[in-house]
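Take a look at the structure below.
We use all heavy atoms of the structure for the numbers below, so side chains are in, but hydrogens, waters and symmetry mates are not. Treat the numbers as computed from the prediction; the structure is a model and nothing was measured.
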Amino acid sequence: MNRYSLLACVLSTLACFSSCEDDNGQAGKKYDPNKPVVLTSFSPKEGGARDKILLDGSNFGSDPTQIKVYFNKVRASVISSSGERIYAIVPRLPGDNPTISVVVGKDSVTYNETYAYHTQALVSTVTGNGEQAFKAGTLNEAQVYGKYLDMDAEGNLFMSWRDGGTFGIARINEEQNIVTALIEQTSSNRILYANGLTVDRSTGILTAAHESVKEVTFSFDPREAWYPRQRNIKFTTEELNMIPDADKYNNFITFCPYDGMLYTRFRSGHIAKINPETYEGDIICKGPKGSQYGQAINPAKPWELYITLHSNASPVEFRQGISVMDVRYPEQGFKRLNAPGGSAFRDGPLEEALFNYPKDIKFDNDGNMFVADYGNHCIRMVSADGIVTTVAGQPGTAGYKDGGPTESLFKNPWGVAVNEQGDIYIADWGNARIRKLVIE
């Protein structure tokens with residue numbers, strides 16, 4: 001090859017490279033920090049999760065990795081930018097009528113017009129046929145009478161049950177089309193009486209507390225095919241004596257990704273922190289006394305421990321409500337979040353909302369809380385910005401029906417779990433079924 005041919009080849013290669021850069025949006029118009037980011041309009045004006053949206057304006061720059069778009073506080077996926085138009089994907093559950101903000105460099109600007117977000121929800125039945133008993137098998141064959149749920153990162157749903165003549169913990173997997181018992185017992189051979197379940201999603205280890213024995217828990221490690229192992233909490237004698245035998249019941253245990261610890265609560269109100277490696281336990285505070293319905297950690301703020309308490313809670317202001325404690329400052333105790341007065345129904349700001357025997361609570365990764373509102377026969381959501389809405393079921397109407405949010409029916413829903421994609425699984429206790437709620 002002569003030098004002229006070589007020069008032509010090099011120039012051709014550079015031109016191709018430049019063209020490829022333009023196609024990838026990296027070599028187009030650059031963001032100018034000396035000029036303002038200007039917003040003009042967006043389209044469409046309404047839609048739902050995963051819909052595309054075009055945001056028009058100027059000085060966006062053409063590198064999508066340097067552009068952030070928010071619907072309220074929820075971040076959208078930015079696909080591309082020409083400098084004057086951003087192509088993005090509407091995020092899931094940003095709240096009602098969200099404002100759209102664009103952040104580039106040090107500039108943060110918001111459209112004057114809000115986006116009309118439409119929530120789409122569908123309830124389906126995963127397994128169970130209404131028989132109030134447990135039977136392993138395929139999803140179509142199995143019977144379930146579950147109360148509490150949790151999930152791992154691989155899509156395994158774990159269910160505790162304690163009714164219908166047997167007691168135990170089961171694994172449910174939709175992809176594998178299976179319901180199988182990890183531990184199943186009768187009254188005469190019961191070694192684990194489980195309520196709330198918790199999974200460390202980084203290891204997949206499932207943990208359940210034996211509610212009737214102060215120091216006993218069981219772990220189920222996927223590396224051991226979830227074989228049940230008894231793990232005793234190492235309390236000092238003084239700490240064990242703090243908890244009266246009459247109020248020794250620890251219905252719940254929760255893994256906290258903030259510090260890698262397990263947290264459990266006894267009916268006496270004592271909160272214990274447990275090292276999952278050594279099982280050394282410490283009583284860190286005493287909160288309100290009474291029976292418990294639910295417990296969860298908010299993954300968006302993993303230092304926040306939430307509980308729901310029974311109508312026998314003391315002091316009375318904690319009854320049938322949602323309360324929170326910062327595990328970094330346990331001496332500050334629990335604070336009730338919703339309005340006082342249970343056995344009622346009211347959506348709206350959390351501080352004004354009412355529930356009717358709220359039971360299990362779980363969060364999605366964005367910090368939205370889902371509540372099994374047992375007495376109102378529906379599923380409620382507390383958004384990350386503190387607004388309560390009913391996302392499935394008809395408040396005050398018990399029944400069994402799949403379908404959209406306004407036509408679906410539940411009967412005394414008890415347990416909830418949320419997978420990595422944000423789908424909600426419900427232990428519909430009164431209907432003896434596991435249901436699935438997909439919200440977009």
Check: Going by an N to O cut-off under 4.0 Å, is there a salt bridge joining Glu84 and Lys29?
Finding: yes

Next item on the list: Please step through ring pair (Phe, Tyr, Trp, His ring centres under 6.0 Å) for the pair Phe158 and Phe220, ending with a clear verdict.
Entry: CA-CA 11 Å; Phe158 301 99; Phe220 303 77; 8.1 Å; no

Checklist line | Crowding at NZ, Lys45 (>12 non-hydrogen neighbours, <6.0 Å) | finding: yes

Note to self: Which residue in the set Tyr145, Tyr374, Tyr425 passes ring pair (Phe, Tyr, Trp, His ring centres under 6.0 Å) when paired with Trp414?
What the structure shows: Tyr374

Item checked: Neighbour count >12 (heavy atoms, 6.0 Å) for atom CD, Glu331 -> yes

Check: Do we see a donor-acceptor contact under 3.5 Å between the side chains of Asp347 and Thr390?
Finding: yes

Checklist line | Pairwise side-chain contact, Arg435 with Asp402, heavy-atom cut-off 4.5 Å (strictly under) | finding: yes

Checklist line | Neighbour count above 12 (heavy atom, 6.0 Å) for Lys68 NZ | finding: no

Check: Looking just at side-chain N and O atoms, do Tyr31 and Asp107 make a donor-acceptor pair shorter than 3.5 Å?
Finding: yes

Notebook entry, point to check: How about Asp385 and Ser383: does a side-chain donor come under 3.5 Å of a side-chain acceptor?
Noted result: yes

Next item on the list: Report the residue from Thr207, Thr198, Val199 that forms a side-chain contact (heavy atoms from CB on, under 4.5 Å) with Thr254.
Entry: Thr198

Check: Hey, is the main chain of Pro349 close enough, under 3.5 Å, to the side chain of Glu352 for a donor-acceptor pair?
Finding: no

Note to self: If you apply the rule ring pair (Phe, Tyr, Trp, His ring centres under 6.0 Å), what do you find for Tyr115 with Phe71, and how did you get there?
What the structure shows: CA-CA 8 Å; Tyr115 181 78; Phe71 284 62; 5.4 Å; yes

Margin query: What verdict does the ring pair (Phe, Tyr, Trp, His ring centres under 6.0 Å) test give for Phe42 and Tyr111, after you've listed the backbone C-alpha separation in whole Å, the side-chain angles of each residue and the deciding distance to 0.1 Å?
Written below: CA-CA 8 Å; Phe42 61 84; Tyr111 284 98; 5.2 Å; yes

Item checked: Check: Gln394 and Lys401 side chains under 4.5 Å, non-hydrogen atoms -> no

Next item on the list: Salt-bridge test for Asp221 and Arg229: reply yes if a basic N is under 4.0 Å from a carboxylate O, no otherwise.
Entry: no

Next item on the list: Would you please test Thr125 and Tyr400 for side-chain hydrogen bond (donor to acceptor under 3.5 Å, both in side chains) and show each step?
Entry: CA-CA 10 Å; Thr125 297; Tyr400 169 68; 2.7 Å; yes

Note to self: Would the distance check show the side chain of Arg319 and the main-chain N or O of Gly342 forming a donor-acceptor pair, the cut-off being under 3.5 Å?
What the structure shows: no

Note to self: Quick one, Met151 with Lys362, criterion side chain to side chain contact (heavy atoms under 4.5 Å, CB included). Give me CA distance, side-chain angles, the key distance, then yes/no.
What the structure shows: CA-CA 10 Å; Met151 298 198 75; Lys362 291 292 191 309; over 6 Å; no

Notebook entry, point to check: Of all heavy-atom pairs between Thr127 and Ala142, which one has the smallest distance, and what is that distance?
Noted result: OG1-CB, 3.6 Å

Check: Would Trp429 and Asp163 count as having a side-chain donor-acceptor pair, cut-off 3.5 Å?
Finding: yes

Checklist line | Asn275 and Glu280 side chains, donor-acceptor separation under 3.5 Å | finding: no

Next item on the list: Please state whether the rings of Phe134 and Trp161 are parallel, tilted or perpendicular, taking 30° and 60° as the class boundaries.
Entry: parallel

Next item on the list: Could you tell me whether a side-chain N or O of Arg92 sits under 3.5 Å from a main-chain N or O of Gly422, the two making a donor and an acceptor?
Entry: yes

Next item on the list: Step through the shown structure and confirm whether more than 12 heavy atoms of other residues, nucleotides or ligands are within 6.0 Å of CG on Asp96.
Entry: no

Notebook entry, point to check: Would you call Asp360-Lys147 a salt bridge at under 4.0 Å N-O?
Noted result: no

Checklist line | Flag side-chain contact, heavy atom, 4.5 Å: Lys273 against Asp259 | finding: yes

Note to self: For the CZ atom on Arg328, are there more than 12 heavy atoms of other groups (residues, nucleotides or ligands in this structure) within a distance under 6.0 Å?
What the structure shows: yes

Check: Taking NZ, NE, NH1 and NH2 as the nitrogens, is one of them in Arg50 or Glu440 under 4.0 Å from a carboxylate oxygen of the other?
Finding: yes

